[in-house]
Amino acid sequence: MFHGRRVKKAVLTAAVAGCLTLSASVNAYAATPAEYSVIGGDSLFKISGIFSTTVESLMKDNNLTSAYLDIGQVLAVPCDTYTVIKGDTLYLIAKKFKIPLDNLRRANNIYSDALNIGQILNIPGRPVAETGQTDRYETDQTGINSGSSYTAEELDLLARLVHAEAQGEPYDAKVAVGAVVMNRVKNSSWPDSLEDVIYQKSGGYYQFTPVVNGWINKPAGTDAVKAAKDALNGTDPSRGAQFYYDNQTTNAWILSKPVSVRIGTMVFAY
């Protein structure tokens, strides 16, 4: 847990002003409005993953001062869009743009095969797993979404941190600890890999106490592994927090941070 040192959730519809629409008939791009309506279980981290952007960019583009989301809240998202023509199917469109069918469904909240001519679809960016990286988790093996960009070693490391930091805390607190790490990875102010975030040293101090006292090396319990997987999948009970601490701290610097949520004895902050 952080003790005075910097510690680094509906409906998908057609896609933000400035997104490009691919006209099937003329094979050209044109500007069109684009929107994403938040559904239950969403977080900025999860949405950023669907549309290959960052939490920071989503907050800036939507003038958000908090990472907390309401179901039905409409967000501007960066993506291309495509206008359905006769003969189109979701499978063929996904194949055309070289993206997983599941990603296309998620980006448009379409879980049947019905399409209408003239319907505008969001075309999300290609996930990391589609750009050449290998040795990644798949849903049927680990519970991590297909296309996740995190390895077995990273899952284990995150689970060990969660175990060390949140033993005895509610499950949501465990997930939130993992989410804080993921929020840092997605933020340009912090290192861009999970391992580098956890082992970051700033001003002569490690960011996470378990790294200092060696508890990071203890095996993770079942709940911690599950919580780490949830965090890697984008679940974020911390509501976008980048810091956390226990409710007994008296450190003025960390207490000055805006609080996002309190879970058990843990406080999560921006």
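One is the number of the first residue; the rest follow in order along the sequence. What you see is a predicted model, and the numbers here were worked out from it, not measured in a lab. Just so you know, these numbers use all the heavy atoms, side chains as well, and skip hydrogens, waters and symmetry mates.
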Enquirer: Does the side chain of Leu44 reach to within under 4.5 Å of the side chain of Leu75, using non-hydrogen atoms?
Expert: yes

Enquirer: With a 6.0 Å cut-off on ring centres, are Trp253 and Phe243 close enough?
Expert: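 For Trp253 and Phe243, the ring centres are under 6.0 Å apart.
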
Enquirer: In terms of hydrophobic clusters joined by side-chain contacts under 4.5 Å, are Ile117 and Ile93 together?
Expert: no

Enquirer: Hey, is the main chain of Ile216 close enough, under 3.5 Å, to the side chain of Arg160 for a donor-acceptor pair?
Expert: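 Yes.
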
Enquirer: At what distance, to the nearest 0.5 angstrom, does CD1 of Ile120 lie from OG1 of Thr83?
Expert: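 The OG1 atom of Thr83 is 4.5 Å from CD1 of Ile120, to the nearest 0.5 Å.
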
Enquirer: Are Val211 and Leu157 connected in a single hydrophobic cluster, I mean Ile/Leu/Val/Met/Phe/Trp/Tyr linked by side-chain heavy atoms less than 4.5 Å apart?
Expert: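 They do share one cluster, since a chain of ILVMFWY contacts under 4.5 Å joins Leu157 to Val211.
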
Enquirer: With a 4.5 Å cut-off on side-chain heavy atoms, are Leu194 and Leu232 touching?
Expert: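 When only atoms from C-beta onward are counted, Leu194 and Leu232 do touch, with a gap below 4.5 Å.
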
Enquirer: Run Asn108 and Leu90 through side chain to side chain contact (heavy atoms under 4.5 Å, CB included) and show every step you take.
Expert: CA-CA 11 Å; Asn108 294 278; Leu90 287 174; over 6 Å; no

Enquirer: I would like to know whether Leu121 and Ile110 meet side chain to side chain contact (heavy atoms under 4.5 Å, CB included); could you show each step before the answer?
Expert: CA-CA 10 Å; Leu121 300 179; Ile110 298 176; 3.6 Å; yes

Enquirer: Between Val185 and Ile198, is there a shared hydrophobic cluster once you connect ILVMFWY residues whose side-chain heavy atoms come closer than 4.5 Å?
Expert: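 Yes, same cluster.
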
Enquirer: Go through the side-chain N and O atoms of Asn251 and Thr249 and say whether any donor and acceptor fall under 3.5 Å apart.
Expert: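 There is no such pair (donor and acceptor under 3.5 Å, judged by atom type) between the side chains of Asn251 and Thr249.
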
Enquirer: Donor-acceptor pair, distance only, cut-off 3.5 Å: does the side chain of Asn183 make one with the backbone of Ala241?
Expert: yes

Enquirer: Has Asp156 got a side-chain atom pairing as donor or acceptor with Glu153's backbone, closer than 3.5 angstrom?
Expert: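 Absent.
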
Enquirer: Donor-acceptor check, side chain of Asp80 to backbone of Ile123, threshold 3.5 angstrom: yes or no?
Expert: no

Enquirer: Hey, is the main chain of Asn247 close enough, under 3.5 Å, to the side chain of Thr265 for a donor-acceptor pair?
Expert: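 No, because the side chain of Thr265 does not come within donor-acceptor range (under 3.5 Å) of the backbone of Asn247.
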
Enquirer: Do you know which two heavy atoms are closest between Val74 and Ser37, and how far apart they sit?
Expert: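 Heavy atoms of Val74 and Ser37 come nearest at CG2-OG, 3.5 Å.
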
Enquirer: Counting N and O atoms only, with roles assigned by atom type, does the side chain of Gln200 sit under 3.5 Å from a partner on the main chain of Asp196, one being a donor and the other an acceptor?
Expert: no

Enquirer: Can you tell me how far OG1 of Thr89 sits from CG of Leu101, rounded to the nearest 0.5 angstrom?
Expert: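 Output value for this atom pair is 8.5 Å.
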
Enquirer: Minimum heavy-atom separation for Leu58 to Leu64, with atom names?
Expert: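 Here Leu58 and Leu64 meet closest at O-CD1, 4.3 Å.
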
Enquirer: Flag the pair Glu169 / Ile263 as yes when at least one side-chain heavy-atom distance between them is below 4.5 Å, and no otherwise.
Expert: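 SC-SC contact between Glu169 and Ile263 ruled out.
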
Enquirer: Decide whether Leu115 and Leu92 are clustered together by the hydrophobic rule: side chain heavy atoms of Ile, Leu, Val, Met, Phe, Trp, Tyr closer than 4.5 Å, transitively.
Expert: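 Not linked; separate clusters.
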
Enquirer: What class does the angle between the rings of Phe97 and Tyr82 fall in, given that below 30° is parallel, 30 to 60° is tilted and above 60° is perpendicular?
Expert: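 The arrangement is perpendicular - the two ring planes meet at more than 60°.
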
Enquirer: Establish whether Tyr199 and Val212 are linked, either directly or via other cluster members, by ILVMFWY side-chain heavy-atom contacts under 4.5 Å.
Expert: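 As far as the 4.5 Å side-chain criterion goes, Val212 and Tyr199 are connected within one cluster.
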
Enquirer: Counting distance only, does the side-chain N/O of Tyr270 pair as donor-acceptor with the main-chain N or O of Thr65 below 3.5 Å?
Expert: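 Looks like no, no N/O pair under 3.5 Å.
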
Enquirer: Can you confirm whether Pro124 sits close enough to Ile99 that some side-chain heavy atom of one is under 4.5 Å from a side-chain heavy atom of the other?
Expert: yes

Enquirer: CG of Leu69 to CD1 of Ile47: how many Å apart, nearest 0.5 Å?
Expert: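 Between Leu69 CG and Ile47 CD1, I get 5.5 Å after rounding to 0.5 Å.
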
Enquirer: Tell me the closest heavy-atom pair linking Ala228 and Leu155, and the distance in Å.
Expert: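 Closest approach of Ala228 to Leu155, heavy atoms only: CB-CD1, 3.7 Å.
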
Enquirer: Does any non-hydrogen side-chain atom of Phe208 lie less than 4.5 Å from one of Val197?
Expert: yes

Enquirer: Which heavy atom in Met266 sits nearest to a heavy atom in Ala173, and how many Å separate them?
Expert: SD-CB, 4.1 Å

Enquirer: Roughly how far, to the nearest 0.5 Å, is CE of Met182 from CG of Leu158?
Expert: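 Answer for the CG-CE pair, Leu158 versus Met182, is 7.0 Å.
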
Enquirer: Enter the distance from Lys174:NZ to His163:NE2 here, rounded to the nearest 0.5 Å.
Expert: 9.0 Å

Enquirer: Looking only at heavy atoms, what is the nearest atom pair of Gln119 and Ala114, with distance?
Expert: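 The pair with the smallest heavy-atom distance is OE1-O, 4.5 Å.
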
Enquirer: Does any non-hydrogen side-chain atom of Asp172 lie less than 4.5 Å from one of Val261?
Expert: no

Enquirer: If every non-hydrogen atom of Thr53 is compared with every non-hydrogen atom of Lys186, which pair is closest and at what distance?
Expert: O-NZ, 3.1 Å

Enquirer: Compare all side-chain heavy atoms of Val181 with those of Val162 and state whether any distance is below 4.5 angstrom.
Expert: no

Enquirer: Less than 4.5 Å apart, any side-chain heavy atom of Val267 and any of Lys257?
Expert: no

Enquirer: Angle class for the Phe51/Tyr36 ring planes (parallel below 30°, perpendicular above 60°, tilted otherwise)?
Expert: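 The arrangement is perpendicular - the two ring planes meet at more than 60°.
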
